[in-house]
> 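This is the structure I have questions about; it appears just below.
Here the structure is a predicted model, which means the values were calculated and not measured.
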Amino acid sequence: QVQLVESGGDLVQPGGSLRLSCAASGSIFSIYAMGWYRQAPGKQRELVATITSGNSTNYADSVKGRFTISRDNAKNTVYLQMNALKPEDTAVYYCNARLAYGPLFWGQGTQVTVSS
């Protein structure tokens, strides 16, 4: 079992920045990769960024160059630094973790709203 708790979502103006955090607990030794997904109203959930145990990263084209995913192994936490935010970034952001043997776990989500 892995528990994931996201935090850091807020209302921010276009061009602003936010840092999301996802703290993992439970069977953290078995986590192979973690990632961030987002879901806007009326849209499907989409991948934002992932980071593996080998520190390889992948980003959606829509956020590449603006968002950075990172991790702090000592704190069992993954971060998403979001810069140059746009209104189209507005969504609920979800953290997920993939265990080495396959299962996926999801956090509860945190709301990011980009608006003037």
Side-chain angles (χ1 to χ4, degrees):
Q1 286 286 311
V2 172
Q3 295 79 46
L4 303 171
V5 179
E6 302 101 327
S7 62
D10 206 349
L11 171 65
V12 64
Q13 295 182 356
S17 297
L18 284 174
R19 188 178 74 161
L20 306 183
S21 299
C22 175
S25 61
S27 300
I28 56 176
F29 58 88
S30 63
I31 296 175
Y32 170 73
M34 298 184 70
W36 289 95
Y37 290 68
R38 67 187 182 186
Q39 187 167 19
K43 298 183 66 178
Q44 297 293 317
R45 188 173 300 186
E46 64 178 357
L47 183 146
V48 177
T50 61
I51 186 166
T52 69
S53 59
N55 210 39
S56 297
T57 58
N58 285 296
Y59 297 91
D61 288 341
S62 59
V63 307
K64 195 171 297 183
R66 299 188 297 121
F67 291 11
T68 303
I69 189 170
S70 62
R71 67 174 189 249
D72 184 334
N73 291 331
K75 297 181 179 180
N76 301 125
T77 300
V78 64
Y79 303 96
L80 185 68
Q81 178 67 46
M82 306 185 294
N83 299 324
L85 283 162
K86 306 174 181 179
E88 49 263 46
D89 295 318
T90 296
V92 177
Y93 283 70
Y94 297 91
C95 177
N96 89 328
R98 178 181 290 277
L99 304 192
Y101 50 96
L104 289 169
F105 294 87
W106 294 89
Q108 81 287 351
T110 185
Q111 177 71 48
V112 173
T113 302
V114 185
S115 176
S116 298

> To the nearest 0.5 Å, how far apart are OG in S62 and CG in L47?
9.5 Å

> Going hydrophobic residue to hydrophobic residue with side-chain gaps under 4.5 angstrom, can you get from V78 over to Y94?
no

> Does N83 have any side chain to side chain contact (heavy atoms under 4.5 Å, CB included) partners at least two apart in sequence or in another chain, and if so, which?
S17, Q81

> Quick test of your reading: applying salt bridge (Lys or Arg N to Asp or Glu O under 4.0 Å), list the pairs with at least one residue in residues 25-45, sequence neighbours left out, ordered by first then second residue.
R38-E46, R38-D89

> Roughly how far, to the nearest 0.5 Å, is CG of L20 from CZ of F67?
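Those atoms lie 8.0 Å apart.
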
> Donor-acceptor pair, N96 side chain versus G35 backbone, under 3.5 Å?
yes

> What's the shortest heavy-atom distance between L4 and C95, and which atoms?
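Heavy atoms of L4 and C95 come nearest at CD1-O, 3.7 Å.
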
> Please list all pairs passing the side chain to side chain donor-acceptor pair (under 3.5 Å) test where one or both residues lie in residues 19-35, with sequence neighbours left out.
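The answer is Q3-S25.
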
> Show me, pair by pair, the donor-acceptor contacts under 3.5 angstrom made by side chains of residues 102-113, not counting sequence neighbours?
unit_1	atom_1	unit_2	atom_2	d
Q108	NE2	E6	O	3.2
Q108	NE2	E6	OE1	3.4
T110	OG1	G9	N	3.1
Q111	NE2	A91	O	3.4
Q111	NE2	T113	OG1	3.3

> For the atom pair OG (S56) and CG (N58), what is the distance rounded to the nearest 0.5 Å?
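Going from the OG atom of S56 to the CG atom of N58 covers 7.5 Å.
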
> Taking all non-hydrogen atoms of both residues into account, name the closest pair between A49 and L80 and its distance.
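What the structure gives for the nearest pair is CB-CD1, 4.3 Å.
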
> Taking only residues at least two apart or on different chains, which pairs with a member in residues 90-109 satisfy salt bridge (Lys or Arg N to Asp or Glu O under 4.0 Å)?
none

> In this structure, would V48 and L85 fall into the same cluster of hydrophobic residues linked by side-chain contacts under 4.5 Å?
yes

> Flag yes if V2 and Y101 sit in one hydrophobic cluster, no otherwise; membership is Ile, Leu, Val, Met, Phe, Trp, Tyr, and two members link when side-chain heavy atoms are under 4.5 Å apart.
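V2 and Y101: one cluster.
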
> In the single-linkage hydrophobic clustering (I, L, V, M, F, W, Y; side-chain heavy atoms under 4.5 Å), do V12 and Y93 co-cluster?
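In one cluster with V12: Y93, yes.
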
> Within a 6.0 Å radius of atom CD on Q1, are there more than 12 heavy atoms belonging to other residues, nucleotides or ligands?
no

> Kindly give the heavy-atom pair with the smallest separation between C22 and M34, and that separation in Å.
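The answer is SG-CE, 3.9 Å.
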
> Is it possible for you to say whether I51 and V63 belong to one hydrophobic cluster, with membership spreading through side-chain heavy-atom contacts below 4.5 Å?
yes

> Look up atom CD1 in I28 and atom CG in N76, then write down how far apart they are to the nearest 0.5 Å.
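Going from the CD1 atom of I28 to the CG atom of N76 covers 3.0 Å.
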
> Search all heavy atoms of G8 against all heavy atoms of L18 and return the closest pair with its distance.
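It is O-CD2, 3.9 Å.
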
> Sequence neighbours left out, what passes ring pair (Phe, Tyr, Trp, His ring centres under 6.0 Å) with Y79? Give chain and number order.
none

> Side chain to side chain contact (heavy atoms under 4.5 Å, CB included) for I31 and L99? Distances and angles first, verdict last.
CA-CA 4 Å; I31 296 175; L99 304 192; 3.9 Å; yes

